[in-house]
Amino acid sequence: MPTKKALIRRPGPRLAEGLVTHIEREPVDAELALEQWEAYGEALRAHGWETVEVDPADDCPDAVFVEDTVVMYKNVALIARSGAESRRDEVAGVEEAVAHLGCSVNWIWEPGTLDGGDVLKIGDTIYVGRGGRTNAAGVQQVRAAFEPLGARVVAVPVSKVLHLKSAVTALPDGTVIGHIPKVDRPSLFPSFLAVPEESGAHVVLLGGAKLLIAASAPKSAELLADLGHDPVVVDISEFEKLEGCVTCLSVRLRDLYA
Ligand SMILES: NC(=O)NCCC[C@H](N)C(=O)O
């Protein structure tokens with residue numbers, strides 16, 4: 001049976017020192033962040049996902065954004081090499097976790113850089129954002145890792161936001177959603193729907209019509225509900241202050257046989 005597991009990683013004591021690139025730094029309430037992270041995990045579990053906690057990496061402020069450390073395709077876990085040097089020590093615990101879950105493990109190597117937030121999978125099409133964190137060698141290495149397994153890798157420029165998935169994600173029917181001012185080239189996607197808020201572009205597919213979406217995107221949630229989707233709202237304000245979004249707090253593992 002295909003699994004429904006999701007990797008998550010508890011926020012560490014240095015969370016407030018996390019990187020900010022495209023937004024102004026704001027103070028982070030660590031206690032509230034922990035409550036929001038617990039509620040996020042609960043929302044996954046309530047929709048049938050077994051959460052697997054990766055060992056904390058307390059020296060790494062951004063470790064909670066576990067999505068950036070690994071890209072899954074079929075049973076292969078491609079361990080990322082962040083474009084931000086301060087994030088490179090995050091991968092050790094993730095490598096261990098995916099190996100324990102039975103994944104085949106592969107790596108992005110120097111000179112390649114890649115953050116998992118730059119990778120959007122829609123079926124067997126893998127869009128890779130070439131931006132501040134992912135370089136051309138990183139894109140090539142994703143091609144080399146996954147095209148032999150049946151994927152088609154499409155490179156997409158990203159200049160206005162941190163990661164490709166800060167600009168766009170996809171609905172269960174494959175429609176790509178994005179907030180136009182933050183998307184470099186909407187025309188690269190075969191089916192594109194504009195949403196009214198930046199954070200409304202971020203959804204995690206929970207199964208069926210259920211979409212996890214941030215509380216900061218009420219108009220987008222309303223638009224998606226009106227189109228027959230079923231938004232599940234979580235407040236992640238403390239992570240948004242660090243340029244995080246709903247996608248970056250987990251990695252779903254759907255194609256493992258355990
Ligand atoms: N995939 C994501 O959206 N990750 C968010 C990472 C935020 C973190 N403060 C960073 O700049 O790396």
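Numbering starts at 1 and runs along the sequence shown. Counting convention: from 1, in listed order, for ligands and their atoms alike.
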With the threshold set at 4.0 Å, does a side-chain nitrogen-carboxylate oxygen contact exist between Glu38 and Arg10?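 Yes, this pair counts.
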
Salt bridge check: are Glu197 and Lys219 linked by an N-O gap of less than 4.0 Å?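 Salt bridge between Glu197 and Lys219, a charged N being under 4.0 Å from a carboxylate O: no.
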
Aromatic plane relationship, Phe146 with Tyr73 - under 30° parallel, 30 to 60° tilted, over 60° perpendicular: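 Geometry flag for Phe146 against Tyr73: tilted rings.
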
Phe192 vs Phe189 aromatic rings, parallel, tilted or perpendicular, using cut-offs 30° and 60°? parallel

Less than 4.5 Å apart, side chain to side chain, heavy atoms only: is that true for Glu240 and Ile23?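 They are not in contact (no side-chain heavy atoms under 4.5 Å apart), so the answer is no.
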
Tell me every residue that passes side chain to side chain donor-acceptor pair (under 3.5 Å) with Thr169, counting only those two or more places apart in sequence or in another chain. none

Using heavy atoms and a strict 4.0 Å limit, residues surrounding ligand 1 turn out to be Leu19, Asp62, Phe65, Glu67, Asp68, Arg87, Gly117, Arg133, Leu162, His163, Leu242, Glu243, Gly244, Cys245, Cys248

